[in-house]
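Just below is one structure, and these are the notes that go with it.
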Amino acid sequence: MDHREPHITVQDLTMAYGDFVLMRDLDFIVNRGDIFIIMGGSGCGKSTLLRAMVGLKSPAQGRVLYQETSFWDTSPRERSRIMRNTGILYQSGALWSSMTLAENVSLPLEEYTDLNPEQIREVVSLKLALVGLAGFEDFYPSEISGGMRKRAALARAMALDPEILFFDEPSAGLDPISAHRLDELILEIRDSLGATVVMVTHELASIFAIGNNSVFLDADTRTMTAVGDPKKLRDESSDPKVRAFLRRGEEG
Amino acid sequence: MSTKPTQPQIKITRSSTDDLLVLLSGNWRLGAETPLVDDIRGRVESEPGIKRITFDSDKLNHWDSSLLTFVIKVRDLCKLKKIRVNISGLPKGAQKLLALATAVPEKKDTRSEEVRESFLFRVGQDTIDFFRTAGEMLTFIGEASASLGRFLIGKAHFRRSDLTLTLQECGAQALPIVSLISLLVGLILAFIGAVQLKMFGAEIYVANLVAVSMVRVMGAVMTGIIMAGRTGAAFAAQLGTMETNEEIDALKTLGISPMDFLVLPRMLGLTLMMPFLCLYANLMGILGGLIVGMGMLNIGFMQYYNQTKGAVTLTDFGIGLFHGIVFGVLVALAGCLRGMQCGRSASAVGDAATSAVVTGIVSIILATAIITVMCNVLGI
Ligand SMILES: Nc1ncnc2c1ncn2[C@@H]1O[C@H](COP(=O)(O)OP(=O)(O)OP(=O)(O)O)[C@@H](O)[C@H]1O
Ligand SMILES: [Mg+2]
């Protein structure tokens, strides 16, 4: 089945806030159709890595390639084309607080499709129903719970059926059943729409259930210490830290 | 057994040549006066040869975090003096918590160290910062102009409702406070003028004084300052909160320009409403003057009206409105700029709002000075 083509390539990436180097020498490839997990301890720079990959924070060094195009070296027009093909779920949700859920989900559709208002309304209802929020169209983000906000933000990220989805801790704040449904949804999106998913998560259950590739960021050495299938890493990794992470700190 | 609350206490004894024994007793509660680590330091320094410190907690009644911080301080001290610490005499729970507290070593290099900087270094740094912020401001103004250009050729996209909301906030909802302030400013001008003009028996010129100063600058300046405090701060807080919540990032990654989507409707709204507010403020100011004129100086209504009509020219109105438009742009720019520059915390939002008001008012005063000089040079 090795017809895998690289979708996102991270080359020699160093991220820093001012003089403070967060991670250096990151090198990995996300293949088309992967569910790629970014793992690592709290505060080690996973969200920052996502920000560098989606073009919100320029890296101190190194490149991010989308297929063949180097994101930070290409023209702004090409850059916005790439960005338009990605959907992002932020760690904080980042729903636009002055708009209802329906308006949040429909803004990307209004911006980039020729659908008429009626069709947009149907798509919006579908997306909200997919994340279990049918009937909440007219609620404002401040009127729903934290977990619901996460799910609504997920609906917004999926609005345009993008090629690449970036999720920052999608299941944080969700109950086990919703979290499980979310895993199924992500798998389904990948299988039916052929999307590539890059996801930051700590949820071991979902890492093993859906992840097929991963990178482990180590806060102490400030670089990545493992890359590959998380199940393999758990059983075969030579790095005790990686094994401990994937076994909740239990030795074995 | 009596369990009456007793002060936390330590008793330090030299149990053997190598050991120092610390006897803990009493109720160790946060807020109570805990013994000083200095006592132990004193013993360690005055008695050489101590290799180990042991704790004994048999007499300890109750303990909480105060005990833990005490032990940690002792441990830090011992690390310096190269003495071992034996905590096996502490309560079991305390031992476990201490072990957890040291499980993840403190990160030393997470932040660049706070170093004391020399005066020259700081001056240099501030100068660089000044030019950087000036650059940012210019970039922002440039981007806003580009966005306005896109709007004029019909390419900028924003939500109608954002514009109407701004229009409403800068229009109808600002009327009460604008009325109050301009009326009072008119009154004050008339009062001060009246006292002086009375000496020459020229009370009627109060009408000229009030009308000309209100219409030419004061109406616009007062409105500008009110709007800086009211709307400029609100803009900064709104955009700042959006920045904090990553909402602006979400717009950017969707390929929507925050300039077009957020800044433009606010700038248009405020700039559109400012001339109207200024006109209204002019009227209210003149009304204030009229009240003083009729009530204190016994000038008749028609007399005051005619005097005012004769005093103010269309040019004065034009200059006043020009002021208003300029102030609208400045206040909106200041508010949006500070909002977009906002950091990622609640206090940053507060700072952004404050800074928006300050920037707004300073730029209003500067602009007034420049326009006044220009009018003088042009002779209008
Ligand atoms: N704007 C910023 N300026 C300076 N430092 C920052 C900034 N944002 C984050 N950091 C620092 O970068 C580090 C990594 O932050 P990041 O949000 O990427 O962590 P994370 O791996 O996503 O953690 P978590 O799992 O808790 O979300 C943190 O130590 C933080 O202090
Ligand atoms: Mg994070």
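Throughout, a chain's letter reflects where its sequence line sits, starting with A, and its residues are numbered from 1. Worth saying up front: this structure is predicted, and the values here are computed from it rather than measured.
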Subject >> Proximal component of Leu95(A), with respect to chain B [non-hydrogen, under 4.5 Å] >> reply: backbone
Original post:
Hey, which of Ser97(A), Pro141(A), Ser98(A), Ser92(A) is the one that makes side chain to side chain contact (heavy atoms under 4.5 Å, CB included) with Glu247(B)?
Top reply: Ser97(A)
Original post:
From Glu246(B) CD over to Asp168(A) CG, what is the distance, rounded to the nearest 0.5 angstrom?
Top reply: 7.5 Å
Original post:
Counting heavy atoms not belonging to Arg344(B), are there more than 12 under 6.0 Å from its CZ?
Top reply: yes
Subject >> Among the listed options Asn245(B), Ile256(B), Thr253(B), the residue most often paired with chain A at heavy-atom distances under 4.5 Å >> reply: Thr253(B)
Original post:
Is it true that atom CZ of Arg24(A) has more than 12 heavy atoms of other residues, nucleotides or ligands lying nearer than 6.0 Å?
Top reply: no
Original post:
What closest approach, in Å, do Lys252(B) and Met83(A) show between heavy atoms, and which atom pair accounts for it?
Top reply: O-CE, 3.8 Å
Original post:
Of the listed residues (Arg79(A), Met99(A), Arg81(A)), which shares the most heavy-atom pairs with chain B below a 4.5 Å separation?
Top reply: Met99(A)
Subject >> Contact class of Tyr17(A) relative to chain B, heavy atoms under 4.5 angstrom >> reply: neither
Original post:
Got a second to check how far Leu254(B)'s CG is from Trp96(A)'s CH2, nearest 0.5 Å?
Top reply: 5.0 Å
Original post:
Does anything in residues 147-158 of chain A get under 4.5 Å of chain B by heavy atoms, and if so which residues?
Top reply: Arg156(A)
Subject >> Contacting moiety of Ser80(A), where chain B heavy atoms sit under 4.5 Å >> reply: neither
**OP:** With a 4.5 Å cut-off on heavy-atom pairs, point out which of Gly255(B), Ser161(B), Ala250(B) contacts chain A the most.
**Re:** Ala250(B)
Original post:
In terms of heavy-atom proximity below 4.5 Å to chain A, should Leu251(B) be classed as side chain, backbone, both, or neither?
Top reply: both
**OP:** Evaluate the side-chain proximity of Phe261(B) to Leu107(A): yes if any heavy-atom separation is below 4.5 Å, no if none is.
**Re:** yes
Original post:
More than 12 foreign heavy atoms under 6.0 Å from CZ of Arg77(A): is that the case here?
Top reply: no
Original post:
So does Phe276(B) have more than 12 non-hydrogen atoms from other groups sitting under 6.0 Å from CZ?
Top reply: no
**OP:** Would you indicate whether Asp114(A), at its atom CG, is surrounded by more than 12 heavy atoms from other residues, nucleotides or ligands within a distance under 6.0 Å?
**Re:** no
**OP:** Mark yes when over 12 heavy atoms from residues, nucleotides or ligands other than Ile177(B) sit less than 6.0 Å from its CD1; otherwise mark no.
**Re:** no
